[in-house]
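Worksheet: the structure to be examined is printed underneath.
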Amino acid sequence: QVQLVESGGGLVQAGGSLRLSCVTSGSTFSSSVMGWYRQAPGKSRELVARIGTSGTTVYANFVKGRFTISRDNAKSTAYLQMNSLKPEDTAVYYCHVDTSPYDYWGPGTRVTVSS
């Protein structure tokens, strides 16, 4: 059974930084596409960033230049480095594993950015 555990969320002032981690187990991590999504109150879940098996990355326009997604296959862990945080980045951040045809979600970690 695939399990994902996110960590690193918290409260930070605008302009600050946080690093999210997603540790996975039970899957072939190196052959999985990893993604970070977020869901703000009253809004739909949206893609933040995604990293492929070869390291190719995709970012939402609203985080380009501020967030960096990375992966460590040896540790079965994906990361999201978030810099220059804005109040509008406040949301629950979810880790996603795509091991087509199956995919899995973590329980989420809350990020709150104060102005």
Side-chain angles (χ1 to χ4, degrees):
Q1 184 176 357
V2 177
Q3 293 186 322
L4 295 77
V5 178
E6 302 104 331
S7 62
L11 174 64
V12 64
Q13 289 188 333
S17 299
L18 286 173
R19 188 194 194 203
L20 306 184
S21 299
C22 173
V23 180
T24 71
S25 61
S27 73
T28 308
F29 181 85
S30 61
S31 62
S32 302
V33 176
M34 300 297 300
W36 286 97
Y37 290 72
R38 72 185 187 186
Q39 187 166 16
K43 295 188 177 181
S44 301
R45 192 172 297 188
E46 60 185 355
L47 174 69
V48 175
R50 187 170 64 236
I51 185 167
T53 57
S54 61
T56 302
T57 57
V58 173
Y59 293 95
N61 286 335
F62 54 77
V63 302
K64 283 183 178 178
R66 299 189 298 125
F67 293 7
T68 302
I69 188 171
S70 61
R71 63 190 298 160
D72 184 335
N73 290 339
K75 296 182 178 180
S76 296
T77 301
Y79 303 96
L80 185 68
Q81 178 66 45
M82 305 187 295
N83 299 328
S84 302
L85 283 161
K86 305 175 182 179
E88 51 263 44
D89 293 320
T90 295
V92 178
Y93 285 71
Y94 297 91
C95 181
H96 179 257
V97 175
D98 181 353
T99 64
S100 295
Y102 305 106
D103 68 309
Y104 304 90
W105 294 91
T109 185
R110 185 174 301 276
V111 173
T112 303
V113 185
S114 63
S115 56

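Computed over heavy atoms, backbone and side chain alike; hydrogens, waters and symmetry mates excluded. Not measured: the values here are computed from a predicted model.
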### Task
Could you check if a side-chain atom of Tyr93 sits within less than 4.5 angstrom of a side-chain atom of Glu6, using non-hydrogen atoms only?
no
### Query
Is there a donor-acceptor pair closer than 3.5 Å between any side-chain N or O of Thr112 and the backbone N or O of Thr90?
no
### Message
Could you check whether any side-chain heavy atom of Trp105 comes within less than 4.5 Å of a side-chain heavy atom of Cys95, counting everything from C-beta outward?
### Response
no
### Message
Under a 3.5 Å distance rule, please check whether Thr99 uses its side chain to pair with a backbone N or O of Ser32 as donor and acceptor.
### Response
no
## Note on the structure
Minimal heavy-atom distance between Ser31 and Thr53, with the atoms involved, is C-CG2, 3.4 Å
### Task
Side-chain contact test, heavy atoms from C-beta onward, threshold under 4.5 Å: evaluate it for Met82 versus Val63 and give yes or no.
no
### Query
Out of curiosity, does Ile69 fall in the hydrophobic cluster containing Phe62 (side-chain heavy atoms, cut-off under 4.5 Å, transitive links)?
yes
### Message
Taking Leu4 as the starting point, is it possible to reach Leu18 by hopping between hydrophobic residues whose side chains are less than 4.5 Å apart?
### Response
yes
### Message
Within the 4.5 Å heavy-atom criterion, are Phe29 and Met34 side-chain neighbours or not?
### Response
yes
#### Entry: Student check: side-chain heavy atoms of Phe67 and Asp89 closer than 4.5 Å
yes
### Query
What about Ile51 and Leu80, same hydrophobic cluster or not, with Ile/Leu/Val/Met/Phe/Trp/Tyr joined at side-chain heavy-atom distances under 4.5 Å?
yes
### Query
At their closest point, which heavy atom of Trp36 faces which heavy atom of Leu20, and how far apart are they?
CH2-CB, 3.6 Å
### Message
Count I, L, V, M, F, W, Y as connected when their side-chain heavy atoms are under 4.5 Å apart, and connections chain through other members. Are Val58 and Val97 then in the same cluster?
### Response
no
### Task
Specify the closest pair of heavy atoms between Ser114 and Leu11, including all atoms of both residues, with the distance to one decimal.
CB-CD1, 4.3 Å
### Query
How far apart are the closest heavy atoms of Tyr79 and Lys75, and which atoms are they?
OH-CD, 4.0 Å
### Message
Quick check: closest heavy atoms across Pro87 and Ser115, and the distance to 0.1 Å?
### Response
CG-CB, 3.9 Å
#### Entry: Close side-chain approach of Thr68 to Tyr59, heavy-atom, < 4.5 Å
yes
### Query
Which value, rounded to the nearest 0.5 Å, describes the distance between Thr57 atom OG1 and Arg71 atom CZ?
11.5 Å
### Query
Of the non-hydrogen atoms in Glu88 and Arg38, which two are nearest, and what is the gap between them?
O-NH2, 3.9 Å
### Query
Is Arg50 salt-bridged to Asp98, cutoff N-O under 4.0 Å?
no
